[in-house]
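Remarks on the structure that follows.
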Amino acid sequence: MSNTMDDKIKDSTDKDLEFVLLCKKGNIDAFEVLVERYQKRMLNIAYRITDNYEDACEVVQEAFLSAFKSIKKFRGEAKFSTWLTGITINHAKNRLKQIKSRYHHEGSSIDDVFETDSGSYNMEPQSPEIPIVEQLVQKEVQAQVQKCINSLDEEYKEVVVLRDMQGFSYEEIQDILKIPEGTIKSRLFRARDALRNCLKKVIGGL
């Protein structure tokens, strides 16, 4: 059965599956390649959901650990990145449940610097060609956008993050969230409408 499954995975066009097959055999180096490839994207998703860098970092660590432990269960029915995103979203939602009583998340922009083992880097570095005043305005706008995202209910927040910020297809979001396409579109419509109204209020005052 596993050989048939692996043959199916080998036939896939998913660029990650060469490493996935090695991971299934216990190759840690192959998994490190996948971590390097997706840690920034997963961190961005986790941050957008939790609005806290420390929580987001822990969520991503937990998600990658879960992915490694369950890699043998990966069937190749969806892309590895889609499967990994689903794990990350689930861990982020669990973390939100744990911190729901927290009154205030640390306020910071998505552009703040991350400290890593290899040094520091910005999630979305600003171009040095952009005037400093314009950079400050952009950062303020992004901070206000994040505030509006945070105001959404969890089910609306996750579809906006996946579709509008990460560019996943409806089919991929179905695989990640395990909900019908019609539900995704309905939630996305309501989420976008709520964001539009929120942004009119907050950005209009900048």
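In this text the structure is predicted, and so the values were computed from the model without any measurement. Starting from 1, each residue takes its place in the sequence as its number.
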Would you compute the distance between atom CD of Glu158 and atom CZ of Arg48 and round it to the nearest 0.5 angstrom?
15.5 Å
Joint cluster assignment, Leu22 & Leu34, ILVMFWY side-chain distance < 4.5 Å:
no
In this structure, would Met165 and Ile184 fall into the same cluster of hydrophobic residues linked by side-chain contacts under 4.5 Å?
yes
How long is the straight-line distance from CD1 of Ile176 back to CZ of Phe168, given to the nearest 0.5 Å?
4.5 Å
Can Lys24 be said to sit on top of Phe74's aromatic six-ring, NZ or CZ under 6.0 Å from centre and within 45° of the ring axis?
no
If I take atom CZ from residue Phe68 and atom CD from residue Glu32, how far apart are they, to the nearest 0.5 angstrom?
9.5 Å
Centroid-centroid under 6.0 Å between Tyr47 and Tyr53 rings:
yes
Would you check if Arg192 and Arg163 make a side-chain contact, meaning some heavy-atom pair closer than 4.5 Å?
yes
Return yes when atom CZ of Arg190 has more than 12 non-hydrogen atoms of other residues, nucleotides or ligands closer than 6.0 Å, and no otherwise.
no
Looking at side-chain heavy atoms only, is the closest gap between Ile179 and Arg187 below 4.5 Å?
yes
Non-hydrogen atoms of Ser66 and His91 that approach each other most closely
OG-NE2, 2.8 Å
Should Ile45 and Met42 be marked as a side chain to side chain contact (heavy atoms under 4.5 Å, CB included) after you check the CA-CA gap, both sets of side-chain angles, and the distance that decides it?
CA-CA 5 Å; Ile45 291 172; Met42 295 305 114; 4.1 Å; yes
Considering non-hydrogen atoms only, spot the tightest contact between Val59 and Ala92 and give its length.
CG1-N, 3.7 Å
Does one hydrophobic cluster hold both Val20 and Ile28, with members joined at side-chain heavy-atom distances below 4.5 Å?
yes
Looking only at heavy atoms, what is the nearest atom pair of Ala78 and Asp175, with distance?
CB-OD2, 3.7 Å
Show your reasoning for whether side chain to side chain contact (heavy atoms under 4.5 Å, CB included) applies to Tyr38 and Asp16.
CA-CA 10 Å; Tyr38 289 110; Asp16 300 317; 2.5 Å; yes
Please give me the minimum heavy-atom distance between Val160 and Ala191, naming the atom from each residue.
CG2-CB, 3.3 Å
In this structure, NZ of Lys69 is separated from CD1 of Ile87 (nearest 0.5 Å) by 12.0 Å
Closest contact, heavy atoms only, Phe19 versus Ala30
O-CB, 3.7 Å
Closer than 4.0 angstrom, basic N to acidic O: yes or no for Arg196 and Asp193?
yes
Quick one: pull up OH in Tyr170 and CG in Leu188 and give me the separation to the nearest 0.5 Å.
5.0 Å
Any donor and acceptor pair, going by atom type alone, linking the side chain of Lys157 with main-chain N or O of Leu152 inside 3.5 Å?
no
Tell me yes or no: between the side chains of Asn94 and Gln98, is some donor less than 3.5 Å from an acceptor?
no
Separation of Asp29 CG from Cys23 SG (nearest 0.5 Å)
9.5 Å
Is Asn44 reaching over with its side chain to a backbone N or O of Lys40, donor-acceptor style, under 3.5 angstrom?
no
Arg95 side chain reached by Asn52 side chain, heavy atoms, under 4.5 Å:
no
Tell me if the CD atom of Glu154 is crowded by more than 12 foreign heavy atoms within 6.0 Å.
yes
With a 3.5 Å distance limit and no angle check, can you tell me whether Ser186 reaches the backbone of Thr183 through a side-chain donor-acceptor pair?
no
